[in-house]
Amino acid sequence: MTGEGFLSGRRLQLARGVLLQCIMGGYPPARFYGSDDGDLALVAEPSQIHRLPWSERPRALAICDAQELDGRPSGLSTRGLLRKVVERYAAHGWKPVVATELEFFVFAPNPDPTQAFLPPMGLDGRREVGCSAFSVSSNNGLRPFFEEVYRVMEAFGMPRDTFMHEMGVSQFEINFLHGDPLLLADQTFLFKHLLKEVALKHGIQVVCMAKPLAHTPGSSMHIHQSVVTLDGEENIFSDASGEATAAFAHFIGGQQAAMADFTALFAPNVNSYQRLCHPYASPNNACWSHDNRAAGLRIPASAPVARRVENRLPGADANPYLAIAASLAAGLYGIEQQLQPSTPIQGEFEAPDELLLPCTLHAAIERLKRSDLARELFGKEFIEGYIATKTMELSSFFDEISPWERRILASQV
């Protein structure tokens with residue numbers, strides 16, 4: 001839209017079906033988004049309109065809410081779903097507080113998708129081979145790229161907590177400061193967008209797949225969650241003496257009760273399960289523990305005022321609005337139903353069968369299909385449309401034969 005059109009208040013409209021568009025293009029049948037495929041209105045969030053510093057020609061980006069033409073929130077909008085979850089907490093006199101940790105890879109351009117990703121050429125003429133977790137070296141030659149990323153974040157008013165090199169080859173992580181769930185979802189979405197745009201300007205590629213490299217840790221989007229009173233004075237997970245409250249236990253119980261049903265919301269792509277089923281601290285279980293990274297739900301070491309639950313299931317490929325909404329809705333469900341969690345685990349452990357999660361997209365879709373809880377919390381319209389879209393994406397994946405199948409099976413079976 002032109003700047004003039006935007007500033008004049010002209011409404012931008014969008015076909016409803018676009019909110020269910022498959023990642024490779026295409027749409028499920030029109031019955032999932034209204035048989036006439038009518039329009040939605042995109043209403044800009046005033047606090048999320050940003051000039052794009054990397055663009056030579058002046059351009060801006062506005063994050064929008066999707067509304068029906070009569071002003072009602074669209075049931076297909078993941079940002080709208082998150083807003084409804086936050087409103088449910090407010091009805092209890094609470095507000096959730098979240099922080100995301102996003103991991104990503106920086107690669108050299110990859111024009112041939114049949115070839116593996118490679119890290120960029122370093123200043124010494126070599127490519128990184130790994131073993132650089134928490135390294136302060138700038139030998140990888142990415143300092144100019146990251147300096148521009150920091151400048152863009154500052155221009156967007158986006159604070160950052162810590163930035164570090166992660167375990168994987170040319171893998172990095174950012175920790176966002178905790179705050180309002182909608183704000184953190186917006187910031188996570190914007191950050192992924194600016195990463196990719198700034199990378200293209202520098203002749204490199206940022207990849208937020210859950211598992212872009214074999215034999216290498218995948219990329220997560222851990223979600224830290226706590227709940228405070230509306231005035232922000234009290235963390236309801238800790239009592240006056242600093243001990244954990246019943247609400248804290250119930251929140252964990254809700255996460256555990258919903259995690260398998262909601263796996264497809266946290267792990268939305270075929271590749272998501274490459275990360276979960278080859279776990280390098282990427283657990284596909286609903287166990288909980290105090291400071292154990294092998295548990296799907298980790299309670300980080302902290303002061304009582306910062307007591308929180310870390311959901312370690314989502315990957316970097318997750319929709320931040322949907323993943324945060326699903327995690328917070330599960331926790332609130334546990335508080336409302338006073339669900340009790342399992343016994344916490346410590347050390348090396350084997351997850352019991354009842355706390356194991358689906359380990360393929362097909363299994364996760366089938367579990368979501370059977371979930372009355374998902375329909376109760378997110379609406380039949382969204383869940384059935386989401387399932388239809390993900391089923392099409394899975395079918396598209398199975399339309400291709402992988403190099404492994406040709407290499408191994410052709411001569412052996």
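This chain uses plain numbering: 1 for the first residue, then up along the sequence. Since the structure is predicted, the reported quantities are computational estimates derived from the model, not experimental observations.
Taking every heavy atom of both residues into account, Ala62 and Ala44 meet most closely at CB-CB, 4.1 Å. For the pair Arg275 and Ser220, the tightest heavy-atom approach, listed with the atom from each and the gap, is NH2-CB, 3.3 Å. The shortest heavy-atom contact between Ala318 and Met221 is CB-CE, 4.2 Å. Heavy atoms only, all atoms of each residue included: Ile252 and Leu297 are closest at O-CD1, 4.3 Å. In this structure, Val169 and Phe107 approach most closely via the heavy-atom pair O-CE2, 4.3 Å. A pairwise comparison of heavy atoms in Ile345 and Cys287 identifies CG1-CB, 4.0 Å as the closest pair.
A salt bridge does not link Arg126 with Asp124: every distance from a Lys NZ or Arg NE/NH1/NH2 to an Asp or Glu carboxylate oxygen is 4.0 Å or more. With salt bridges taken as basic N to acidic carboxylate O contacts below 4.0 Å, one links Glu366 and Lys369. Between Arg79 and Asp65 there is a salt bridge, with a side-chain nitrogen of the basic residue lying less than 4.0 Å from a carboxylate oxygen of the acidic one. Of the charged side-chain nitrogens involved, none lies within less than 4.0 Å of a carboxylate oxygen, so that Arg59 and Glu197 do not count as a salt-bridged pair. Salt bridge Arg16/Glu68: present, at least one basic N to carboxylate O contact under 4.0 Å. Looking at Asp180 and Lys95, no side-chain N of the basic residue comes within less than 4.0 Å of a carboxylate O on the acidic one, giving no salt bridge.
For Trp288 (side chain) and Ser342 (main-chain N/O), a donor-acceptor pair under 3.5 Å exists by modelled atom type. Under a 3.5 Å cut-off, the side chain of Ser371 and the backbone N or O of Leu368 do not form any donor-acceptor pair. Between the side chain of Ser327 and the backbone N or O of Ala323, no donor-acceptor pair lies under 3.5 Å. With Lys192 contributing its side chain and Phe104 its backbone, the two residues share no donor-acceptor pair below 3.5 Å. One N or O on the side chain of Thr389 and one on the backbone of Leu20 form a donor-acceptor pair closer than 3.5 Å. Proximity of a side-chain donor or acceptor of Thr216 to a complementary backbone N or O of Ala214 within less than 3.5 Å is detected. A donor-acceptor pair is defined here as one N or O able to donate and one able to accept, closer than 3.5 Å; no such pair exists between the side chain of Arg367 and the backbone of Phe262. Listed for the Tyr273 side chain is no donor-acceptor partner under 3.5 Å among the backbone atoms of His362. Remark: side-chain polar atoms of His250 are paired, donor with acceptor, to backbone N or O of Leu339 under 3.5 angstrom. At distances below 3.5 Å, not a single donor-acceptor pair connects side-chain atoms of Ser74 with backbone N or O atoms of Gln67.
Taking CG of Leu61 as the start and CG of Leu194 as the end, the distance is 10.0 Å to the nearest 0.5 Å. For the atom pair OG1 (Thr100) and CD1 (Ile324), the distance works out to 6.0 Å, reported to the nearest 0.5 Å. Taking CD of Glu381 as the start and OH of Tyr386 as the end, the distance is 15.5 Å to the nearest 0.5 Å. Of the inter-residue distances, the one linking Gln274 atom CD with Thr360 atom OG1 reads 11.5 Å to the nearest 0.5 angstrom. Separating the CZ atom in Phe251 from the OG1 atom in Thr245 is a distance of 11.0 Å, to the nearest 0.5 Å. Annotation: the span from Ser47 atom OG to Asp186 atom CG amounts to 7.0 Å, rounded to 0.5 Å.
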Derivation of the side chain to side chain donor-acceptor pair (under 3.5 Å) call for Asn319 and Thr78: CA-CA 8 Å; Asn319 175 328; Thr78 54; 3.2 Å; yes
Ile365 vs Thr391, side-chain contact (heavy atoms from CB on, under 4.5 Å): CA-CA, chis, key distance, verdict: CA-CA 7 Å; Ile365 291 172; Thr391 299; 3.9 Å; yes
Verdict with reasoning, Gln48 to His50, per side-chain contact (heavy atoms from CB on, under 4.5 Å): CA-CA 6 Å; Gln48 294 293 351; His50 302 281; 2.7 Å; yes
Full working for side-chain contact (heavy atoms from CB on, under 4.5 Å) between Phe266 and Asn311: CA-CA 10 Å; Phe266 296 126; Asn311 183 345; 3.6 Å; yes
Step-by-step side-chain contact (heavy atoms from CB on, under 4.5 Å) determination, Leu313 to Thr263: CA-CA 8 Å; Leu313 181 62; Thr263 296; 4.2 Å; yes
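Residues Gln205 and Asn110 have side chains in contact (heavy-atom distance under 4.5 Å, counting atoms from C-beta outward). With a 4.5 Å cut-off on side-chain heavy atoms, Leu328 and Val98 count as touching. Put simply, the side chain of Pro159 reaches to within 4.5 Å of the side chain of Gln187, judged on heavy atoms. Two residues are said to be in side-chain contact when any heavy atoms from C-beta on lie closer than 4.5 Å; Phe382 and Leu19 fail this criterion. Residues Ile401 and Arg406 form a side-chain contact, since some pair of their non-hydrogen atoms from C-beta on lies under 4.5 Å apart. No side-chain heavy atom of Val86 sits under 4.5 Å from any side-chain heavy atom of Tyr89. Inter-residue side-chain proximity for Asn269 and Lys390 is flagged as met; some heavy-atom pair is nearer than 4.5 Å. In this structure, Val85 and Leu81 have side chains that are not in contact, with every pair of non-hydrogen atoms separated by 4.5 Å or more.
A donor and an acceptor atom, one from each side chain of His224 and Glu101, are located under 3.5 Å apart. Between the side chains of Ser396 and Glu393, no donor-acceptor pair of N or O atoms lies under 3.5 Å. Looking only at atom types and distance, the side chain of His202 has a donor-acceptor partner in the side chain of Glu148 under 3.5 Å away. Side-chain atoms of Gln225 and Gln255 form a donor-acceptor pair, as typed in the model, at a separation below 3.5 Å. Glu128 and Ser170 are not linked by any side-chain donor-acceptor pair at a separation below 3.5 angstrom, with hydrogens and angles left out of the test. Side-chain contact of Glu336 with His92: a donor-acceptor pair under 3.5 Å is present, judged by distance alone.
When the shell of 6.0 Å around CD of Glu348 is examined, it contains 12 or fewer heavy atoms from other residues, nucleotides or ligands. Lys196 NZ: more than 12 foreign heavy atoms inside a 6.0 Å radius. Residue-environment remark: CZ (Arg143) stays at or below the threshold of 12 foreign heavy atoms within 6.0 Å. The 12-atom threshold is not exceeded at CD of Glu154, counting heavy atoms of other residues, nucleotides or ligands nearer than 6.0 Å.
Taking the six-membered ring wherever Trp is involved, the centroid distance between the rings of Phe117 and Phe105 does not fall below 6.0 Å.
Screening Phe146, Phe176, Phe172 for a ring pair (Phe, Tyr, Trp, His ring centres under 6.0 Å) involving Phe163 leaves a single residue, Phe146. Remark: of the listed residues Val106, Leu200, Val206, Val207, Val206 is the sole one forming a side chain to side chain contact (heavy atoms under 4.5 Å, CB included) with Leu195.
Annotation: cation-pi pair Arg307/Phe248 present, NZ/CZ under 6.0 Å from the ring centroid and within 45° of its normal.
Taking the six-membered ring where tryptophan is involved, the planes of Phe189 and His193 are essentially parallel, since the angle between them stays under 30° and well short of 60°.
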